[in-house]
Structure formats: structure tokens, C-alpha cells
Amino acid sequence: MSKVRVRFAPSPTGGLHLGGVRTVLYNYLFAKKHGGDFIVRVEDTDQSRFVKGAEEYIFECLAWCGINADESVIVGGDFAPYRQSERKELYKKYAEQLVAAGQAYYAFDTPEEIETMRENRKAEGNGSLQYDAAVRMKMKNSLSLMPEETKAFLDAGKPYVIRIKVNENESVTFTDLVRGELHFENVNVDDKVLMKADGMPTYHLAVVVDDFLMKITHAFRGEEWLPSAPVHIMLWQHLFGLDNMPKWAHLPLILKPDGNGKLSKRDGDRLGFPVYAMDWTDPKTNEITKGFKELGFLPEAFLNMLAMLGWNPGSEQEIFSLDELVEAFTIERVNKGGAKFDYEKAKWYNHQWIQKLPIANYQKLVKEIFEEKGIEINNSVYFEKILNLVKGRCTLLPDFYEQASFFFRAPINWDIEAVKPKWTSEKKDFFNCFIDKIKQLETFTAETIETLFKELATEKNIKPGELQLPMRIMLVGAKFGPAVFEIAAILEKEETILRIEKALQIFEI
RNA sequence: GCCGUGUUGGUCAACCGGUUAAGACGCCUCCCUUUCACGGAGGAAUAACGGGUUCGAUUCCCGUACAUGGUACCA
């Protein structure tokens with residue numbers, strides 16, 4: 001068997017959608033599982049939809065995910081160029097070959113004429129509005145025209161497209177890796193445009209030609225491509241032979257969490273979650289669409305979550321690293337039905353990965369978050385210690401700021417209500433004594449502080465528990481965070497005393 | 001409209017003819033913690049509908065319904 005070669009073929013028209021990343025992932029996993037190559041080919045055949053910066057952005061997203069292409073417009077490769085706009089001249093030859101073989105034809109119809117045809121068919125009560133065998137002899141093309149008329153049009157430079165000639169009496173059968181055997185009657189497939197009037201191929205021609213030229217062995221794409229698969233297969237049959245055709249796998253869609261339908265950017269805006277991998281700024285409107293990365297997701301979690309949306313290992317394992325996914329992935333276990341995106345579950349994955357990964361993996365990112373908020377971090381050992389202490393309560397990276405900023409900034413507001421109702425002069429006295437005692441403490445650790453605290457409480461005949469909450473409010477300002485004595489230990493003696501003294505004044509009524 | 005694909009709890013899902021129909025997220029209760037979490041123990045909650053095939057269907061087949069994708073000189 002020849003070497004496995006798969007490709008992700010994005011068109012650079014905007015932000016990189018969740019579903020796109022999952023397609024990348026499955027391609028990548030399959031390739032690596034089989035020791036094959038993963039290729040990224042840019043499908044920019046529609047010049048009218050070209051969006052500046054979109055291509056670079058897509059590669060940035062892949063880099064963030066840690067998925068590297070073996071061949072692409074960035075790294076090059078033996079089958080360059082990897083941008084279809086730069087391969088423009090290649091396609092025409094194949095289209096002409098099809099025309100010469102009677103498998104395709106020139107069509108001169110204007111958009112208006114096609115529109116009229118559709119209106120007529122609709123008026124006739126026809127179920128199909130396609131440009132197909134039923135109408136093609138009534139249209140203006142090299143099949144219906146006399147050869148000299150066609151020649152005259154061509155010579156006169158009349159704009160034309162090349163359409164595939166679909167034989168209505170035949171049918172197409174093929175095996176899809178996720179759906180099994182599929183069958184399509186040709187009557188239902190239309191004479192798709194292969195070459196556009198501007199000389200660019202359409203997707204239909206370009207994928208087939210490039211998949212052949214690039215020796216692609218397996219083609220994974222979204223389910224939305226299923227209806228046009230027969231056209232691609234016919235093209236393979238005509239041009240390169242079915243034996244050389246890649247194996248197809250049409251992946252299920254990722255659906256919106258509420259209601260139904262394909263997940264779109266709008267759903268994210270509406271429901272408050274990201275849909276794009278990374279922040280995307282529309283170059284025309286400057287509108288920013290939030291990405292998973294910027295919201296504080298770890299790539300490991302993002303990929304893990306995506307992998308499980310439409311695939312599962314058949315075991316109870318849910319947490320997978322990229323390498324583990326490569327190992328476990330099989331196309332047979334990809335589901336057929338679409339999956340609704342669940343943001344809560346996505347966050348759960350991130351929480352898991354925050355716990356699992358060493359702090360060092362994301363310390364730099366968290367540091368940036370702190371610095372954006374005006375807290376400079378200059379002791380990374382100290383910082384790491386803190387992050388380790390609070391990570392259990394963090395789901396997204398910015399949560400670290402919420403959970404740990406008090407280590408760097410003494411409280412300026414105190415949850416007085418949590419203390420006041422039970423505040424007594426005895427308690428005040430306790431804390432004053434406590435300060436004196438800890439001043440004499442030689443080793444200032446969570447354990448020694450706790451021992452001292454409890455001994456003193458017993459001595460003063462106050463339940464330690466009743467003092468812990470006030471102590472917490474003194475150090476943190478509010479009712480959250482790790483164990484109080486851990487906090488005190490990290491704050492160190494001097495700062496702990498300072499905060500208690502300050503709070504004591506505030507609690508004074 | 002036509003064509004394709006799909007349908008197990010609220011969500012992700014296992015099971016590939018015989019099960020008390022796993023597990024996870026979320027939700028609820030309790031425990032732990034006199035903070036917020038984590039964690040632990042429980043709980044509620046599922047095979048769209050109707051026909052077949054079969055000794056036996058969630059599993060296979062056919063309809064219906066619903067959903068979704070396509071129906072572009074977009075990918």
C-alpha cells in the first residue's frame with residue numbers, strides 16, 4: 001500500500017471554525033497513525049471571496065494547536081505550489097481533455113439565462129431546478145449549438161464556463177469510510193461548472209486534480225460535501241481512474257447547542273462562547289470575533305474536546321493528549337450523526353488539562369494575563385507556587401487572576417458582612433495576640449501557623465473555626481481561595497501581619 | 001419542491017440480536033471543608049413513531065415524522 005497522504009483544504013475566507021479544526025485534527029490523526037503525510041492546501045479559487053490575512057491566520061491557528069503540516073504553503077514540499085490560485089494553469093488542461101472526450105462541454109449561458117431556465121422549470125412544476133441532462137439541449141452550449149456556432153462564440157471571446165456532462169442513465173456507488181456504501185442516481189446530479197468564466201477552476205475540478213497530483217490517499221471533509229461527491233467520482237473516473245481515487249470519509253457536522261443547525265459564528269456571539277480557534281479580526285469591519293485561545297483555553301484541551309465531538313475510543317477514557325489520540329484514533333469509530341457543541345463540556349476539558357499539565361506549560365500565558373492587569377511578576381518560582389496552589393479552582397486561564405491576584409495586591413475591600421455579625425472584642429484580642437506570637441515564630445509555614453493559631457484559640461477559649469473566616473477575610477478580602485494557613489505561608493510573615501493589622505482597623509466599629 | 005444524510009437521557013455517548021441500556025458533562029442531594037473550589041458517595045434523566053424479519057429487537061429491513069446538508073461561474 002502506498003504511503004498515506006491526507007490533506008486539509010481550507011479556503012481563506014475568514015476565521016477558522018471549530019469544525020474546520022476538527023477536520024484538521026482527524027486528518028492529522030489519521031495520517032500520523034498510519035505514518036503518513038499531512039498536507040495543507042489552500043483552496044483560494046474564488047477570488048471574490050478572498051479575505052486578506054485569512055490564510056496567515058489559519059496557519060497561526062494550526063501552530064497554536066501544535067499541528068504541523070508536512071507540506072504546505074509555509075513549509076513547501078515536493079508537490080508545490082500548495083495554493084490553488086498558483087496552480088491555475090494546471091486545471092484548464094484537464095477540463096479541455098474532458099471536453100475533447102465528450103465528458104464536458106462549453107456553456108455560454110448568462111446568469112440571467114440560467115435564472116430564466118430555473119423559473120421555467122419551476123413554472124412547469126418540475127421538482128428539479130438543475131442545469132442537467134433534462135435541459136442542457138435547450139441551453140446555449142457546445143452540445144446544443146452547431147460546432148461552427150460554438151467556434152464563433154469561442155473566437156469572439158464570448159465568456160464561457162466548462163460544465164461536466166453527467167449521463168443521466170448511470171449511477172454512482174462508492175464506499176464512504178464512515179457511512180458505508182453510498183449510491184447516487186445521476187438524474188439527480190447536475191452538470192456542475194468545472195471551469196469558471198474567469199479561468200479559475202471550481203472546487204469540484206480543483207480537488208480532483210490536486211488530490212491526484214498530490215497523491216492523496218484519503219480525503220476527509222465535512223458532510224456538506226456528500227451531495228457533490230458523485231461529481232468528484234465521475235471526474236476521477238474520466239481523468240485518473242477509480243483505482244487511483246482516494247478513499248472518502250464524510251465527517252459529521254458540529255451543530256449549535258440550542259435548536260438545530262450547523263454551528264456558526266453567530267451562535268457563539270449569541271450564546272457567549274467562542275467558535276473560532278483564535279481571535280479573528282475582520283479586515284473590513286475591524287470586528288473582532290473571540291477565539292478559544294484568547295479566552296484562556298489550552299490547545300491540548302481544545303483538541304481533546306474536538307476529538308471527542310464525533311469520535312470516541314470505545315473505552316471510558318476521555319482525556320487524551322495529541323499523541324494518545326494518534327494512537328487511539330480510528331476512522332471506523334467516527335460517528336455518523338452530527339454533534340451539538342457543549343460549551344460546558346469544553347470548559348471541563350480545559351479544567352482537566354489545567355490540572356494535568358505542569359504549570360510551566362502555561363505559566364507564561366498566565367503571567368501575561370497578570371501583567372495586562374497591572375501586576376508585574378518577577379519571581380517565577382514564587383509565582384509557580386501560587387499557581388499550583390490555586391489551579392484546582394481554575395477552568396480558564398484568566399481564572400488564575402481571579403483566584404490569585406490577592407497574593408500580589410492586599411485587599412482594599414473586605415467582605416465585612418461575613419465578619420461583622422460575629423465580631424467580638426475577644427476575637428479582636430485574639431488576633432492582636434496572634435500577631436505577637438507569629439512575630440516570634442521562626443519557621444513560618446502553613447503547619448506552624450496552623451498549630452500556633454489553634455493553640456492560641458484553645459487558650460482563648462474560642463473555636464478555631466470561628467476565627468478562620470475572619471482571618472481569611474483579612475488576608476484575601478473575600479470568601480474564596482485556598483486554605484488560609486497556606487495563604488499566610490505564601491504571603492510570608494511580614495505581609496500577613498500587615499494585612500491582619502490593616503483589617504483589624506477596618507473591622508473596628 | 002427535489003436529492004442526500006442522520007435520529008440512544010438536556011448534551012457528548014457505549015452497545016455492533018438476548019444487558020438491571022455503560023461512562024462523561026450539566027443538574028440535584030449528602031459527605032469533606034466553619035471560604036470558594038477540588039474530591040468522595042448517591043440521585044433524577046435516554047433508545048422519535050408505525051410496520052415487518054426473528055424464538056427474541058435499541059441493534060436488521062421498510063415506511064412516517066423530525067432534523068440537517070446540498071440544490072451557485074462558494075467552498
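Not measured: the values here are computed from a predicted model. Reminder, nothing fancy here: chain letters follow the sequence lines and each chain counts from 1.
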* **Nucleotide forming a Watson-Crick or wobble pair with B:rC38, both distances under 3.5 Å** => none
* Pick the C1' atom in B:rA67 and in B:rC60, then give their distance to the nearest Å. => 23 Å
* Structure fact -> Re B:rA65: Watson-Crick or G-U wobble partner, both distances kept under 3.5 Å, found to be B:rU7
* Asked: Tell me: CD of A:Glu316 to C1' of B:rG23, nearest whole Å?
  -> 4 Å
* Mind checking A:Val193 for me? I need base, sugar-phosphate or nothing, with any heavy atom below 4.0 Å counting as a touch. => sugar-phosphate
* Interatomic distance where CG belongs to A:Leu129 and C1' belongs to B:rG70 [whole Å] -> 13 Å
* Short N-O contact, A:Lys336 and A:Glu223, less than 4.0 angstrom -> no
* Asked: Does B:rC73 have a Watson-Crick or wobble mate here (both distances under 3.5 Å), and if so which one?
  -> none
* Asked: Are A:Tyr362 and A:Phe400 an aromatic pair by the rule of ring centers under 6.0 Å?
  -> yes
* Is A:Ser144 reaching over with its side chain to a backbone N or O of A:Met139, donor-acceptor style, under 3.5 angstrom? -> yes
* Asked: Does A:Arg49 make a side-chain N or O approach to OP1 or OP2 of B:rA75 shorter than 4.0 Å?
  -> no
* **Gap between atoms NZ and C1', on A:Lys347 and B:rC27 respectively (whole Å)** => 15 Å
* Asked: In the strands shown, is B:rG23 matched to any nucleotide by a Watson-Crick or G-U wobble pair with both distances under 3.5 Å, and which?
  -> B:rC12
* **Where the chi angle of B:rC38 falls, syn if within 90° of 0 and anti if not** => syn
* Value in whole Å for how far the P atom of B:rG70 lies from OH of A:Tyr131 -> 23 Å
* Once you round it to whole Å, what is the distance between P of B:rA75 and CD of A:Gln47? -> 10 Å
Within the sub-3.5 Å range, which N or O atoms of nucleotides 45-49 of chain B have a protein N or O partner, and how far apart are they?
none

* **Distance between P atoms of B:rA13 and B:rC25 (Å, rounded)** => 16 Å
* Using purine N1 to pyrimidine N3 plus N6-O4 or O6-N4 for Watson-Crick, or N1-O2 and O6-N3 for G-U wobble, each under 3.5 Å, what pairs with B:rC60? -> B:rG52
* To do: Tell me whether the guanidinium CZ or amine NZ of A:Lys420 lies under 6.0 angstrom from the six-membered ring centre of A:Trp423 and within 45° of its axis.
  => no
* **A:Asn350 side chain vs A:Leu298 backbone, donor-acceptor pair below 3.5 Å** => yes
* Exam field: side chain A:Asn304 to backbone A:Phe320, donor-acceptor pair closer than 3.5 Å -> yes
* Asked: Phosphate oxygens OP1/OP2 of B:rC73: is one of them under 4.0 Å from a side-chain N or O of A:Lys192?
  -> no
* To do: For B:rA72 versus B:rC66, give the span between their C1' atoms, rounded off to a whole number of Å.
  => 28 Å
* Structure fact -> Comparing nearest nucleotides in RNA chain B, the 5'-proximal residue of the pair A:Arg118, A:Arg179 is A:Arg179
* Asked: How are the rings of A:Trp311 and A:Phe329 set to each other: parallel, tilted or perpendicular (split at 30° and 60°)?
  -> tilted
* Asked: Okay, side chain of A:Asp211, backbone of A:Val208: is any donor-acceptor separation there less than 3.5 Å?
  -> no
* Asked: Starting at CG of A:Leu205 and ending at C1' of B:rA72, how long is that distance when rounded to a whole Å?
  -> 16 Å
* Asked: A:Asn188 CG to B:rG69 C1': how many Å, rounded?
  -> 15 Å
* Who pairs with B:rU33 - Watson-Crick or G-U, where each distance is under 3.5 Å -> none
* Structure fact -> Between A:Tyr105 and A:Val99 the two heavy atoms that sit nearest each other are N-CG2, 4.1 Å
* May I ask you to decide if A:Arg49's main-chain N or O and A:Thr13's side chain share a donor-acceptor pair within less than 3.5 Å? => no
* To do: Assign the ring pair A:His218 / A:Phe220 to parallel, tilted or perpendicular, where the plane angle (0 to 90°) is split at 30° and 60°.
  => tilted
* Asked: Of the options A:Lys427, A:Lys422, A:Lys454, which is the one that meets A:Glu466 in a salt bridge (Lys or Arg N to Asp or Glu O under 4.0 Å)?
  -> A:Lys427
* Quote, to the nearest angstrom, the P distance that separates B:rG23 from B:rA44. => 12 Å
* Quick one: on RNA chain B, does A:Ser315 or A:Leu253 contact a more 5' nucleotide (nearest heavy atom)? -> A:Ser315
* Would you check if the side chain of A:Arg87 reaches a backbone N or O of A:Ala206 as a donor-acceptor pair within less than 3.5 Å? => no
* Footprint string (nucleotides 34-40 of chain B, 5' to 3'): B base within contact, S backbone only, - free, heavy atoms under 4.0 Å -> BBBBS--
* In whole Å, what separates the P atom of B:rG43 from that of B:rG51? -> 35 Å
* To do: For B:rC61 and B:rU53, measure between their P atoms and round to the nearest Å.
  => 15 Å
* Shortest non-hydrogen separation from A:Ala134 to A:Arg121 and the atoms involved -> CB-NH2, 3.4 Å
* Spacing of A:Leu226 atom CG relative to B:rU71 atom C1', expressed in whole Å -> 14 Å
Check nucleotides 9-15 of chain B against the protein and report each pair of N or O atoms closer than 3.5 Å, with its distance, or say if there are none.
residue, atom, partner, partner atom, Å
B:rC12, OP1, A:Lys340, N, 2.9
B:rC12, O2', A:Met308, O, 3.2
B:rA13, OP1, A:Gly310, N, 2.9
B:rA13, OP1, A:Asn335, OD1, 3.3
B:rA13, O3', A:Asn312, ND2, 2.9
B:rA14, OP1, A:Asn312, ND2, 2.8
B:rA14, OP1, A:Asn335, ND2, 3.1
B:rA14, O3', A:Arg333, NH2, 3.3
B:rC15, OP1, A:Arg333, NH1, 3.2
B:rC15, OP1, A:Arg333, NH2, 3.3

